[in-house]
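Everything numeric in this text was worked out from a predicted model, so none of it was measured. Values reported hereafter were calculated over all heavy atoms of this structure, with side chains retained and with hydrogens, waters and symmetry mates removed. Chain identifiers are assigned alphabetically (A, B, ...) following the order of the sequence lines, protein sequences preceding nucleic acid strands; residue numbering begins at 1 within each chain.
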Amino acid sequence: MPAFTPPPLPSDDKRWKIVNGTMRKNGFARHALIETLHTVQSSFGYLDDEAIRFVARSLRVPLSQAYGVVTFYHYFSLKPPGKHTVTICAGTACYIKGADKLVAAAEKRLGIPQGQTTQDGKISLMTARCVGACSRAPVVLRDGEVMGEVTSGQVLEQLERWAVE
Amino acid sequence: MSKLKLATVWLDGCSGCHMSFLDMDERLIELAELADVVYSPLVDTKEFPDEVDIALVEGAVASEDDEKKIRKIRAHSKLLIAMGDCAITGNVPSMRNPIGPEAILNRAYIENADAQPQIPCVVVPKLLRIVRPIHEFVKVDVFLPGCPPSADTFHTALTALVTGAPLDIPALTRFGA
Amino acid sequence: MTIEELEQIAKSVCQENEKYDFEVNVCMDLACSSQGAQQLKDALVKAAETSGKNVHIRRTGCMGPCSSGPLVRVDPEEALYHHVNADHAEAIVNSLGGAPVPDLQCDLNEHFDKQVRVVLENAGYIDPEKIDEYIARDGYKALLTALTEMTPNGVVHRITESGLRGRGGGGYPTGLKWGTVAKASGDVKYVVCNGDEGDPGAFMDRSVMEGDPHRVIEGMALAAYAVGASKGFIYVRAEYPTAVGRLTAGLRDARRRGLLGNNICNTPFNFDIEIRLGAGAFVCGEETALLASIEGKRGTPRPRPPYPAVSGLFGKPTLINNVETYANIAPIVRNGGKWFANMGSERSKGTKVFALTGKIANTGLVEVPMGIKLREIIEVIGGGVPGGHTFKAVQTGGPSGGCIPAEMLDVGVSYDALVRLGSIMGSGGMIVMDDTSCMVNVARFFIEFCMTESCGKCIPCRAGTAQMFTLLTRFCNGSGTMDDLELLESLCSTVKEASLCGLGQTAPNPVLSTLKYFRNEYIEHIVHKRCPAGVCNIQAPVTDQKEVLA
Amino acid sequence: MSETVSNVKTLVIDEQEVSALAGQTILDVARENDIYIPTLCHLEGLSNVGACRLCLVEIKGGNKLLPACVTTVFEGMEVSTHTERLQKHRRMILELLFAERNHICSVCVANGHCELQALAQDQGVTHISLPYRNPELTVDASLAQFTVDHNRCILCTRCVRVCAEIEGAHVWDVMGRGINSIVITDLHDNWGSSSCTRCGKCVQVCPTGALFDKSKVGSDHPKYPDFLPYLNLMREAQ
């Protein structure tokens with residue numbers, strides 16, 4: 001049987017080399033699927049069909065299995081993120097301290113349900129399971145930066161600032 | 001012994017259960033000796049009587065009118081039998097549930113209308129958002145699944161209920177039978 | 001690396017520290033960092049330079065009482081300052097050598113007095129990215145001692161003797177688990193660290209991984225030696241980027257020091273560790289799901305047996321413990337099993353780290369001996385419920401746990417006692433609720449969590465949690481009936497007994513425990529259409545969808 | 001000789017003494033002895049996943065219910081397959097399945113040939129006390145020969161397993177999770193434009209009307225999953 005040759009990189013975008021690097025480091029083994037998907041997402045911001053196809057072919061993982069994995073884990077996104085992301089922690093301590101009100105306020109202001117990005121691609125509204133900063137509940141991540149003891153007013157103010165940018 | 005008062009009711013269903021009921025043919029005469037049909041689409045009674053011994057209900061609850069009816073029937077019946085899959089599961093009428101009543105009405109009265117497209121709103125009862133089986137509104141004593149339950153099923157079940165003989169419904173019928 | 005070399009490193013760290021007259025430790029754990037600990041540290045460095053004083057400013061892991069952050073501890077006086085910001089830097093540096101800054105000093109003696117620090121003994125005292133500081137506090141001594149003076153069986157025996165039970169939730173005896181993996185046949189075995197701290201409201205493992213990463217690495221290496229493994233995996237949540245960074249740095253430094261790799265300490269023992277990132281799936285805390293995830297698959301659990309100890313990662317015998325369990329290993333090996341077994345209660349030995357959060361004055365990380373009364377944790381260590389509100393319940397064990405009411409607070413904390421109360425130890429989240437929390441709504445919150453996190457493989461959990469959520473939503477919006485309540489209880493029983501894995505089997509716990517202790521709140525919602533805590537938005541009058549006529 | 005003896009286990013299933021080979025599952029032994037245990041995700045010839053939980057049984061001495069399809073026998077085991085507790089859970093599991101998606105038996109292509117329908121009758125389920133979820137799901141008829149109707153799918157994953165384990169194509173898998181899981185082909189592509197080999201094995205093993213053959217009319221859709229053990233046998237012989 002001829003030796004397996006991984007497929008060529010989808011384009012000369014340098015980021016594919018980083019993705020390929022992760023796979024090579026793991027000897028193109030099937031079990032590197034999630035690691036590689038992490039690399040794709042951190043390089044491209046999300047996972048599109050082309051990327052999943054490339055990774056699946058390279059690691060010899062069936063397409064449906066790869067897609068099953070991508071959609072199983074909430075950390076992976078099939079759509080590009082907005083320019084800014086506000087992530088409201090939905091952990092228990094944050095819930096007890098009223099995080100649901102923050103989510104409701106943000107959803108109302110942006111006109112999108114949590115988990116989506118505004119039409120203009122500016123702002124993504126996400127919720128997280130728990131970021132582990134429970135003692136400062138309710139917690140909001142502003143483009144990844146932890147803010148504690150947040151009020152609806154503060155969330156709306158931030159959204160306003162991003163909207164007019 | 002006075003005869004039992006039997007009612008049959010037609011909510012949102014195709015009347016197939018009633019047809020199957022009639023398929024008992026000559027056995028209906030047997031039944032007539034034990035029970036009087038006091039209310040039914042098959043007889044000319046306008047109001048549901050105050051006291052009914054056995055009510056057989058065909059069809060799901062799909063409109064506000066159905067809901068009112070089923071509550072009234074329950075209040076005035078000793079034994080309530082859900083007759084057929086529509087009454088028990090929602091069945092075909094409930095197939096609109098995933099897309100909602102507006103989509104259905106639009107297709108029927110607007111998109112497919114040859115003339116004067118409009119959704120009827122006078123006289124006809126308002127549709128509920130979700131079509132539900134009757135046991136989601138009232139307590140049901142006996143479930144007789146089938147689409148429709150066969151005449152034999154009716155005969156065996158009713159005979160058992162009237163005479164107090166043991167009744168093993170799953171041995172007689174099933175969903176979609 | 002030899003014991004002597006290790007001691008040499010420790011000595012040089014001490015000598016280095018002695019060069020300084022003062023030590024200012026800045027807590028830079030997540031809670032303090034989110035309140036400007038970095039700016040504070042920069043300001044302290046600057047102030048120290050200006051003052052000309054010989055000060056060692058060190059970043060450390062979590063000091064504990066996060067609600068008082070940012071925290072600074074000045075040594076050797078052990079003066080703890082709370083709510084410190086960059087503006088205070090000058091005052092702190094000026095005070096060195098004199099009286100402590102009075103306005104900043106916090107009185108948390110009661111908070112600390114009841115605590116016993118084993119797992120957290122280094123947190124707040126070392127720079128987590130400096131392996132030598134870890135070594136200076138007896139780090140890696142246990143590993144080298146074990147490698148040179150103990151047999152693998154001896155290590156297992158010591159763990160068994162300690163009475164340590166798994167800190168991830170179930171409380172399975174650690175020694176027994178190690179013994180099983182050690183006895184399992186096979187050339188290739190794995191040790192896996194479960195760092196997928198999934199319970200919302202729990203951050204003990206994050207703090208340990210971030211504040212003292214080498215403790216976890218050393219614990220895993222000891223485990224690998226004991227069971228005969230040469231490869232380890234740490235499975236960490238992707239939501240914990242700092243922990244990933246600290247562990248990556250820790251592994252690199254340990255390799256450089258020859259504490260990982262081939263022929264560790266000139267013995268035939270080879271061991272190395274790889275980090276694997278989780279990707280946002282609570283169910284991956286379940287061991288078979290975690291293993292599937294490391295293998296790059298969907299994190300769906302599979303029926304056990306076979307247990308991972310026999311057939312685990314890539315089908316090989318695998319030891320899985322959680323972060324806190326591994327963090328207990330080095331001190332046990334160092335100090336002996338009996339030392340550990342002397343702490344705690346009859347069947348739950350040692351200490352337990354809890355993340356105390358919710359409606360409580362002192363939120364943060366606490367480490368207490370097993371057997372301590374819940375009341376002491378909440379009222380003394382936690383400082384009680386603030387704002388004039390009254391305590392209603394404490395939720396332990398995350399979404400798999402239960403809500404414990406005020407009348408049960410005098411129960412001592414142990415695996416078995418918590419199960420008897422209808423909850424579980426879990427990984428150590430402790431969320432305090434006061435009279436502003438609606439217990440029906442709380443149950444709905446947890447079921448929603450379990451529904452979203454159900455992997456979908458088995459029917460009871462996949463569809464059962466969704467149905468429970470529907471029924472609880474009915475109660476919260478006022479359309480629920482007593483029939484629905486009966487249905488809910490029946491569902492709880494099936495989901496609990498028939499689900500495939502721990503997630504489903506424990507998902508009904510928050511419902512069952514609130515039904516047990518707060519049934520009247522359910523009745524209020526159903527019969528009187530009112531939410532006693534005023535949380536649920538019940539629009540009156542609601543037409544009864546399922547009114548039952550007699 | 002001693003080895004052969006130790007390989008044989010004796011156990012009791014529903015008060016009937018039976019013998020088994022070490023490594024056999026409770027389900028295998030029960031079926032050999034004509035003791036009925038309901039199953040849904042299990043299919044002879046495919047790997048077992050223990051997901052449907054219908055085959056749960058009680059073992060004396062243990063409080064946990066164990067799936068008969070994956071639990072192996074041990075000497076002296078006492079198994080009960082039809083206690084009131086088990087029956088209650090089985091009925092609830094079937095109710096959960098019926099309420100989860102849109103199973104309209106009367107108009108289903110599998111009416112009369114459906115394992116779910118038969119199990120409901122068998123377990124005495126005459127109505128569903130749980131609220132129906134009424135999800136909006138798709139029907140994919142893009143492939144010339146077969147159709148997938150997600151309204152009828154119970155996520156038993158037989159199609160996934162037969163495609164991966166027997167056909168070797170692994171075109172099917174499950175995407176999403178929890179209540180939102182669905183079976184997909186390739187990257188959630190239309191079945192018609194997927195890498196499917198059109199072998200039809202998935203259709204034959206599907207226990208409901210989720211996968212069906214377009215060439216049949218009405219509800220005349222019997223399934224023939226019995227080819228699997230034969231196929232495995234032939235392969236082993238090679």
### Message
Under a 3.5 Å threshold, yes or no: a donor from one side chain and an acceptor from the other, between D:N134 and B:R132?
### Response
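No - no donor-acceptor pair under 3.5 Å links their side chains.
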#### Entry: D:S106 and B:D85 side chains, donor-acceptor separation under 3.5 Å
no
Atom [atom1] of residue position [X] - does it have more than 12 heavy atoms of other residues, nucleotides or ligands inside 6.0 Å?
X      : atom1 : value
D:F227 : CZ    : yes
D:Q16  : CD    : yes
D:K201 : NZ    : yes
B:K68  : NZ    : no
B:R107 : CZ    : no
B:E111 : CD    : yes
B:N112 : CG    : yes

### Query
Which heavy atom in D:G124 sits nearest to a heavy atom in B:P170, and how many Å separate them?
CA-CG, 3.6 Å
### Among D:N111, D:T126, D:V125, side chain to side chain contact (heavy atoms under 4.5 Å, CB included) partner for B:R174
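That would be D:N111; it is the only one of D:N111, D:T126, D:V125 passing the side chain to side chain contact (heavy atoms under 4.5 Å, CB included) with B:R174.
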### Query
Would a 4.5 Å heavy-atom cut-off, applied to side chains only, mark D:V107 and B:V92 as touching?
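Side-chain contact under 4.5 Å: yes.
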Look up atom [atom1] in [X] and atom [atom2] in [Y], then write down how far apart they are to the nearest 0.5 Å.
X      : Y      : atom1 : atom2 : value
D:Q121 : B:I169 : CD    : CD1   : 11.5 Å
D:C108 : B:F175 : SG    : CZ    : 13.5 Å
B:M95  : D:N151 : CE    : CG    : 8.0 Å
D:I104 : B:N97  : CD1   : CG    : 8.0 Å

[X] versus chain D, heavy atoms under 4.5 Å apart: side chain, backbone, both or neither?
X      : answer
B:I88  : both
B:P148 : neither
B:I130 : side chain

### Message
Looking at B:H135 and D:I128, would you say the former's side chain and the latter's main chain have a donor-acceptor pair under 3.5 Å?
### Response
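At least one qualifying donor-acceptor pair exists.
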### Message
So for D:L130, is it side chain, backbone, both, or neither that comes closer than 4.5 Å to the heavy atoms of chain B?
### Response
backbone
